[in-house]
Each structure stands twice: as structure tokens, then as C-alpha cells.
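Side chains included, hydrogens not; waters and symmetry mates left out as well; all remaining heavy atoms used. All ligand and atom numbering here is 1-based and tracks the order in the structure.
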Amino acid sequence: MQLLDGKYVSEKLKGEIAEAAAKILAETGRKPHLVAVLVGHDGGSETYVASKIKNCEAVGFKSTLVRYESDVTEEELLGKVAELNTDADIDGIIVQLPLPKHIDPEKVTEKIDHRKDVDGFHPVNLGRMQRNLPSFIPATPYGITLMLKEYGVETAGKHCVVVGRSNIVGSPMSILMARNTTPGNCTVTICHSRTPDIKKFTLDADILIVAIGKKNFITADMVKEGVVVVDVGMNRETSTTTKSGFKLYGDVDFENVSKKASWITPVPGGVGLMTIIGLLKNTLASANKEVYK
Ligand code: GUN
């Protein structure tokens, strides 16, 4: 078994991103600028947004955090997005999900100017990604492709099974793995909550990407020898043994599945760190006008 080491790859790519940001600063006098909008105080969202802001600073980006209490109206939030869209100093806008129930996430996603949509969630970016045109690619799937590329994991002609069909991970991941790109060119199966006998499919997977949000969902009896496993799970449980008071668990029973896998991501230290890289690379690409002129 070999580790797909998110810490190693993310640190390496962060170095490259920092160099590119320094070049922009030297040439234009400005830094790439990401604005993150956070509504309410969801524990997971607080952690993820704080990490995004911290990493922006670490690579020499400017970042701004816009906070609202969970009773903010949809109208006010949409108004703020409209204001951020027209601010020429801003390269990327993200609105952290999930949002409170009274706010329609689709409306918010579509309100963000697709040219600043560094989460890659806007229908224009999703459509362009599917057509293999320049676009912002959702950060987690993007980070996973960067990790597979870094380790030279062969994907062409393989059977990739994606477990989970969310807008943020499973759905875009399945598109990327089926595209005529590297990584890509897989035969892709998507399994979800209405798939009977998921094991039938996972047992045939050469590459297994799991984003279902259930601790230890994938067990050793569900995979074949030599499988490549990418665990997107971020299941937080309270813990008395960690400094933060939380412990993170993946969707895969790492201890036993790793005995059969050729490559596998750990949790923590795997995909989560690569998500940040996807976001930073999209923001950099926006600042460089690489996706949209
Ligand atoms: N919630 C979970 N993952 C993400 C992400 O990548 N972007 C945003 N905006 N919200 C999320």
C-alpha cells in the first residue's frame, strides 16, 4: 500500500502558488483576492472557512471574511453577492455551504458572477467543465485530480466507482473522471442512497472515490485487491483526546481497507488538504484571467 499524501502534495503545490502570487504582486502591485461569505456558526463551516482564510494569507493572497448571523434574509445575502460581483478588487467569491433553511443555495450560487465563482458551483462552470472548456472546477474534485496526477496514478480505461452524488463532490467528480483528460478516461459508475447492493459495484472498482458522509461506510470486504481509494469523508466526532475537541473520521475503514489497496488517502491528511489547493488554484487562475478574459 502506498499513501496518497495530501500533506506532502498540498505543501508542494502551495509553494508553487505562493511563487505565482509573488510574481503577480511584483508585476501588478496587487494580490489575488478571495472573499469568503459565512452565514451562522456551524462548527464544520467555521473550521473550513478559517482554514481557507489562513491558507490564503500563507500563500500571499488577500482574503476577506464577510459574516452574517443565521437570520440574515436571502435578499440581503443576494444583495451582498451582487456588490462583491462588481468590485474590481475581488477575484474570487465563495459562499460557504450549507446555508440556513430559509435561503435557497441555488439562488445564491447562480447569483455569483461565474467569472468569480472559484468554487465552480455555478451552472455555467459546471457545463463548461463537462464540455472540457476552461472553467473553475469544484475545489474537492479538482484537488483529487491534482493528487492523482502528482502520484502518476493511471486512470485511463479503469473502472471508477464514485459513492455519493452531491453537487459539491460526487457529481462533478464523476464528470471529471469520465472526461477525455488526464486523470480521466475512466468508465464511471455513480452509487448513491438509492443504489441497491452498493458492494456489487465497489467490488469491481479499480478506483473508488467515496463521499457519502458516513464513518467506516466502506469496509475491506467491499473492495478488491489493488484498488485505489480516495476517501472524501470528513466526519467530525467530539473527542477528549485531541486539542480541538474533535476527531475526524473518513468514510473508509482505513485500517483494514489499506491492507488491500494499492493507493489510499488517509483522513486527516488526505483530500481535505487538497480541497484548499483547488480553491487557491482557482483564485490564482481568476487573478491571472486564465479562465475568463
Ligand atoms: N461546503 C462544503 N464544501 C464546500 C466547498 O467546497 N465550498 C463551499 N462554498 N461550501 C462548502
Exercise. Is the Lys NZ or Arg CZ of Lys52 less than 6.0 Å from the centre of Tyr48's six-membered ring, within 45° of the axis?
Worked result: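 Not satisfied by the 6.0 Å and 45° rule.
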Exercise. Strictly under 4.0 Å, does any heavy atom of Phe121 approach an atom of ligand 1?
Worked result: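 It does; at least one heavy atom falls under 4.0 Å.
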Problem set entry | N or O pair under 3.5 Å between Val95 and ligand 1 |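 N/O-N/O distance below 3.5 Å exists for this pair.
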Exercise. Any N or O of Leu97 that comes nearer than 3.5 Å to an N or O of ligand 1?
Worked result: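 Yes, since at least one N or O of Leu97 sits under 3.5 Å from an N or O of ligand 1.
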Exercise. Tell me, which protein residue and heavy-atom name are nearest atom 11 (C) of ligand 1, and how many Å apart are they?
Worked result: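 Closest protein heavy atom to atom 11 (C) of ligand 1: Gln96 NE2, 3.3 Å.
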Exercise. At what distance is the nearest protein heavy atom to atom 9 (N) of ligand 1, and which residue and atom is it?
Worked result: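 Result: Asp119 OD2, 2.6 Å.
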Exercise. Given that the side chain starts at C-beta and the backbone is N, CA, C, O, which of these parts of Met234 lies under 4.0 Å from ligand 1, counting heavy atoms, or is it both or neither?
Worked result: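 None of Met234 does.
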Would you kindly say whether [X] and [Y] are connected by a side-chain donor-acceptor distance under 3.5 Å?
{"X": "Thr189", "Y": "His159", "result": "yes"}
{"X": "Asp117", "Y": "Tyr292", "result": "no"}
{"X": "Glu74", "Y": "His102", "result": "no"}

Exercise. Can you tell me if NZ on Lys224 sees more than 12 non-hydrogen neighbours from other groups inside 6.0 Å?
Worked result: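 Count over threshold, so yes.
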